[in-house]
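Read the structure below first, then the notes.
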Number of protein chains: 2
Amino acid sequence: MKIINSRSDCPISYSLDIFGDKWTLLILRDMMLSEKRSFSDFLNSPEGIASNILVDRLNILHNQGFVTKEASLLNKSKFLYTLTEKAIDLVPVVIDLIEWGEKYNSKREPKSILTKVVKNKARAIKEIQENLRKKTGQQEVSK
Amino acid sequence: MKIINSRSDCPISYSLDIFGDKWTLLILRDMMLSEKRSFSDFLNSPEGIASNILVDRLNILHNQGFVTKEASLLNKSKFLYTLTEKAIDLVPVVIDLIEWGEKYNSKREPKSILTKVVKNKARAIKEIQENLRKKTGQQEVSK
DNA sequence: AGATAGTTATTGCATTTTGCAATAACTTAT
DNA sequence: ATAAGTTATTGCAAAATGCAATAACTATCT
């Protein structure tokens with residue numbers, strides 16, 4: 001297990017020690033906001049993560065307790081990752097990043113989630129989180 | 001000016017393209033939650049950022065419009081950085097990171113800001129932001 | 001005036017991380 | 001049997017980071 005050495009006892013520093021990079025939060029995003037749950041799902045996301053980086057980040061997320069990992073019952077060569085409470089508690093961060101990114105990316109116009117979020121952010125966060133909690137222990141429904 | 005190429009049109013991806021690393025948000029944290037405003041202030045933060053990295057990140061923050069840069073009137077060899085609205089809009093992200101980090105860093109017990117935040121987060125965020133906006137255009141009061 | 005300290009960088013070099021392409025090992029589908 | 005799907009691993013080049021030394025300038029002190 002890779003050791004993460006903390007730079008200070010600041011909670012922000014602690015957070016960034018774990019997921020302060022360009023990829024980790026995108027994997028969590030996939031699991032939070034899409035139905036993505038497997039290696040290949042993440043590999044096919046539009047940003048185009050390299051497979052060696054993906055392996056590395058998934059191991060970190062697993063070792064640090066952000067996700068559980070279990071074999072798919074429908075496909076024995078496939079693993080399903082599921083968010084733990086530790087990761088579900090990051091939903092507010094992700095939502096805030098969406099809100100900020102939508103506002104300051106001039107090349108893009110506001111979309112689906114934002115309008116919903118901005119109207120009642122606290123409610124939207126709670127809905128997403130409750131929905132994610134239902135997935136705990138669930139397998140795929142279909143291929 | 002360093003060019004940041006975007007990996008996708010996802011707002012989270014856009015955000016991480018700019019500040020998805022281990023240092024940038026710590027500099028913003030210093031400006032948001034402490035009275036830190038200068039190169040040496042950031043250099044002396046507990047995490048121990050290297051001066052070449054700090055130069056690089058401050059340039060990015062400046063070029064991307066997160067901070068303004070002006071000479072100190074009390075010390076001509078010193079520059080004062082001030083957060084713009086673009087950065088002040090990241091206060092919610094930073095507060096959420098504090099909240100999450102406080103909760104999951106087992107080596108640390110809850111402190112000052114958290115208790116205040118958890119009770120009424122929306123209010124706390126607004127207060128911090130309003131306070132930061134007052135600093136716009138302000139010089140140092142004393143050395 | 002000269003020495004010391006403060007402030008913002010730059011440089012060089014070793015180490016680490018990332019990016020990219022090929023490929024492996026195994027399972028599933030045709 | 002062959003091809004396709006899935007999760008990795010490997011090798012190598014490129015980029016980013018970490019660290020120490022030092023530069024250039026300003027401020028302070030005696």
Side-chain angles (χ1 to χ4, degrees), chain A residues 2-8 13 16-27 30-31 36-63 67-82 139-140 142-143, chain B residues 2-8 13 16-27 30-31 36-63 67-82 139-140 142-143:
Chain A
K2 184 194 273 182
I3 291 163
I4 294 172
N5 43 342
S6 62
R7 294 169 289 173
S8 78
S13 164
L16 297 179
D17 283 338
I18 306 175
F19 53 81
D21 70 279
K22 301 229 179 301
W23 294 109
T24 308
L25 279 175
L26 292 186
I27 297 171
D30 282 350
M31 302 183 74
K36 305 193 176 186
R37 303 183 65 186
S38 69
F39 187 92
S40 53
D41 284 339
F42 309 136
L43 201 63
N44 291 324
S45 280
E47 292 83 12
I49 190 171
S51 67
N52 52 348
I53 309 285
L54 181 52
V55 167
D56 180 72
R57 296 306 191 278
L58 283 174
N59 281 334
I60 292 174
L61 286 174
H62 190 215
N63 291 333
V67 298
T68 57
K69 179 183 186 176
E70 58 181 339
S72 165
L73 296 180
L74 285 76
N75 183 335
K76 286 170 194 165
S77 72
K78 194 174 182 175
F79 292 101
L80 293 182
Y81 295 91
T82 310
Q139 276 279 330
E140 292 167 300
S142 74
K143 293 197 181 181
Chain B
K2 183 192 275 186
I3 291 164
I4 294 172
N5 43 341
S6 62
R7 293 169 291 173
S8 78
S13 163
L16 296 179
D17 284 339
I18 305 175
F19 52 82
D21 70 279
K22 301 228 181 297
W23 294 110
T24 309
L25 279 176
L26 292 185
I27 298 171
D30 282 350
M31 303 183 73
K36 306 192 174 186
R37 301 183 66 184
S38 70
F39 186 92
S40 51
D41 285 340
F42 309 135
L43 201 62
N44 291 324
S45 281
E47 292 82 14
I49 188 170
S51 65
N52 53 347
I53 309 284
L54 181 53
V55 167
D56 179 73
R57 296 305 191 280
L58 283 174
N59 281 335
I60 292 175
L61 287 173
H62 191 216
N63 290 334
V67 299
T68 58
K69 180 182 187 177
E70 57 181 340
S72 164
L73 296 180
L74 284 77
N75 183 337
K76 284 170 195 165
S77 72
K78 193 174 185 177
F79 294 99
L80 294 181
Y81 294 92
T82 310
Q139 277 278 331
E140 293 166 299
S142 74
K143 293 195 182 186

Between B:R7 and B:L58, whichever has its closest DNA chain C nucleotide further toward 5' is B:L58
Give a yes/no verdict on a cation-pi contact between A:K69 and A:Y81, requiring under 6.0 Å between NZ or CZ and the six-membered ring centre and an angle within 45° of the axis. no
In Å, rounded to the nearest 0.5 Å, how long is the span from CD of A:E47 to CG of A:N44? 11.5 Å
In terms of side-chain heavy atoms of A:V55, which of D:dC19, C:dT8, D:dA8 is nearest? D:dA8
Rounded to whole Å, the CZ-P distance (B:F42 to C:dT8) equals 9 Å
Take the protein atom CG of A:N75 and the nucleotide atom P of C:dA29, then report the distance between them rounded to whole Å. 7 Å
From CG of B:D41 over to P of C:dG6, roughly how many Å is that when rounded to an integer? 14 Å
Distance in angstrom units between B:L54 CG and D:dA20 C1', rounded: 16 Å
Write down the distance between CG (A:N59) and P (D:dA8), rounded to a whole number of angstrom. 7 Å
Name the residue closer to the 5' end of DNA chain C, choosing between A:G48 and A:K2 according to the nucleotide with the nearest heavy atom. A:K2
A:K78 NZ to C:dT28 P: how many Å, rounded? 12 Å
Sugar-phosphate only, base, or nothing, as touched by B:D56 at under 4.0 Å among non-hydrogen atoms: nothing
Strictly below 4.0 Å, N to O, side chains only: are A:R37 and A:D30 in salt-bridge contact? no
B:K76 side-chain proximity, nearest of D:dT26, C:dT8, D:dC19: D:dT26
Ion pair present between A:D17 and B:K22, side-chain N to carboxylate O less than 4.0 angstrom? no
Reckon A:R57 has a side-chain N or O less than 4.0 Å from the OP1 or OP2 of C:dT18? yes
Interatomic distance, A:F39 CZ vs D:dT9 P [rounded to whole Å]: 9 Å
Is any side-chain N of the basic residue among A:D21 and A:R57 closer than 4.0 Å to the acidic one's carboxylate O? yes
Is B:W23 close enough to D:dT17 that one of its side-chain N or O atoms is under 4.0 Å from OP1 or OP2 there? no
For a quick test of reading the model: is some side-chain N or O of B:S77 closer than 4.0 Å to OP1 or OP2 of D:dA24? no
At 4.0 Å (heavy atoms only), tell me whether A:S51 reaches a base, stays on the sugar-phosphate, or touches nothing. base
Rounding to an integer number of Å, can you tell me how far B:I53 CD1 sits from C:dT11 C1'? 14 Å
